[in-house]
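Before any comments, here is the structure.
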Amino acid sequence: CPIYGVGSLLMVLTLSDYVGSPFQIFCASFIMCSVVEYITSWVLEKMFNVRWWDYSHMRFNIEGRIVLRNSFFFGIAGLLLIYYINPFLVDILSNVNETLFTRIEFILIGLFVMDLIVSLCILFNLKKMLVLEQVSLKNKITNMINKDNTVEISKAVRQKLASVSIFHSKIIKSFPGFRFVNPIKKIRKKK
């Protein structure tokens with residue numbers, strides 16, 4: 001999940017100057033990571049018409065996209081990152097010669113970009129499969145048009161996708177709560 005890497009990089013790049021103030025680091029990490037999670041949830045939902053995580057069943061959530069409990073842990077993670085993890089990594093990397101450091105840097109950037117590209121390809125493939133599965137389930141939906149069957153549809157699609165490939169199965173396991181976003185409304189609009 002590139003979201004965690006992006007959040008960590010944002011914290012390291014923006015909060016390292018505030019080492020003297022744990023409270024500021026906690027608050028900034030809390031807010032920054034919550035904003036990243038909210039925006040990521042919104043963008044993924046708009047791109048793929050799927051809600052990958054949903055905290056609406058938990059107290060103190062905002063549109064089910066972020067929740068106070070996770071934001072609190074983002075604040076704690078920011079403290080750990082700024083005070084322990086980043087200094088440890090900087091200490092190790094400061095002892096590496098510049099040529100090796102540059103190679104490590106390019107390898108890590110390459111791996112990140114490759115992971116991002118593979119993840120996006122899988123997600124777009126998944127989106128196409130979800131659309132096809134929605135079409136095949138259209139008759140079932142129209143029979144139950146007055147009832148919200150998002151859970152049933154999502155369950156059927158999850159089972160179908162899990163059997164396609166190891167990558168699809170891994171995504172399904174990583175986001176066990178993903179669900180369609182208002183599939184009935186979209187079908188009604190198409191009529």
field: Interatomic distance, Leu9 atom CG to Leu81 atom CG [nearest 0.5 angstrom]
entry: 9.0 Å

message: Does any part of the side chain of Ser16, heavy atoms only, come nearer than 4.5 Å to the side chain of Val12, both counted from C-beta?
response: yes

- request: Flag the pair Val36 / Phe74 as yes when at least one side-chain heavy-atom distance between them is below 4.5 Å, and no otherwise.
  value: no

Smallest separation among heavy atoms of Tyr18 and Ile25, with atom names: O-CD1, 3.2 Å

- request: Taking the side chain as every heavy atom from C-beta outward, state whether Ser34 and Ile31 have any atom pair closer than 4.5 Å.
  value: no

- prompt: Is it true that atom OH of Tyr38 has more than 12 heavy atoms of other residues, nucleotides or ligands lying nearer than 6.0 Å?
  reply: yes

message: Do Ile92 and Phe88 have side chains that approach each other closer than 4.5 Å (heavy atoms only, starting at C-beta)?
response: yes

- prompt: Does Tyr84 belong to the same Ile/Leu/Val/Met/Phe/Trp/Tyr cluster as Val19, with side-chain heavy atoms less than 4.5 Å apart forming each link?
  reply: yes

- line: Of all heavy-atom pairs linking Glu63 and Arg51, the shortest is O-NH1, 2.9 Å

task: Could you check if a side-chain atom of Phe26 sits within less than 4.5 angstrom of a side-chain atom of Ile82, using non-hydrogen atoms only?
output: no

- prompt: Is there a chain of hydrophobic side chains (I, L, V, M, F, W, Y, each step under 4.5 Å between heavy atoms) that links Met58 to Trp53?
  reply: yes

field: Joint cluster assignment, Val35 & Val43, ILVMFWY side-chain distance < 4.5 Å
entry: yes

task: Please name the pair of heavy atoms, one in Val67 and one in Arg59, separated by the smallest distance, quoted to 0.1 Å.
output: CG2-O, 3.3 Å

query: Roughly how far, to the nearest 0.5 Å, is the CZ atom of Phe60 from the CG atom of Leu68?
result: 6.5 Å

Verify same cluster id: Phe106, Leu93 (apolar side-chain graph, 4.5 Å): no

query: What distance do Ser41 atom OG and Lys46 atom NZ have between them, rounded to the nearest 0.5 Å?
result: 9.5 Å

query: Do Leu79 and Ser29 come within less than 4.5 Å of each other through their side chains, counting heavy atoms only?
result: no

field: Distance in Å, Thr99 OG1 paired with Ile104 CD1, rounded so as to fall on 0.5 Å steps
entry: 11.0 Å

task: Look at the side-chain heavy atoms of Ile, Leu, Val, Met, Phe, Trp and Tyr, link any pair under 4.5 Å apart, and say whether Phe112 and Leu108 land in one connected group.
output: no

- request: May I ask you to check whether over 12 heavy atoms, not counting those of Ile62, lie within 6.0 Å of atom CD1?
  value: no

Atom pair CG/CG of Leu120 and Asp115 - distance to nearest 0.5 Å: 9.5 Å

- prompt: Are the side chains of Pro22 and Tyr83 in touch, meaning some heavy atoms are under 4.5 Å apart?
  reply: yes

statement: Rounded to the nearest 0.5 Å, the OG1 atom of Thr40 sits from the CD1 atom of Ile66 at a distance of 11.0 Å

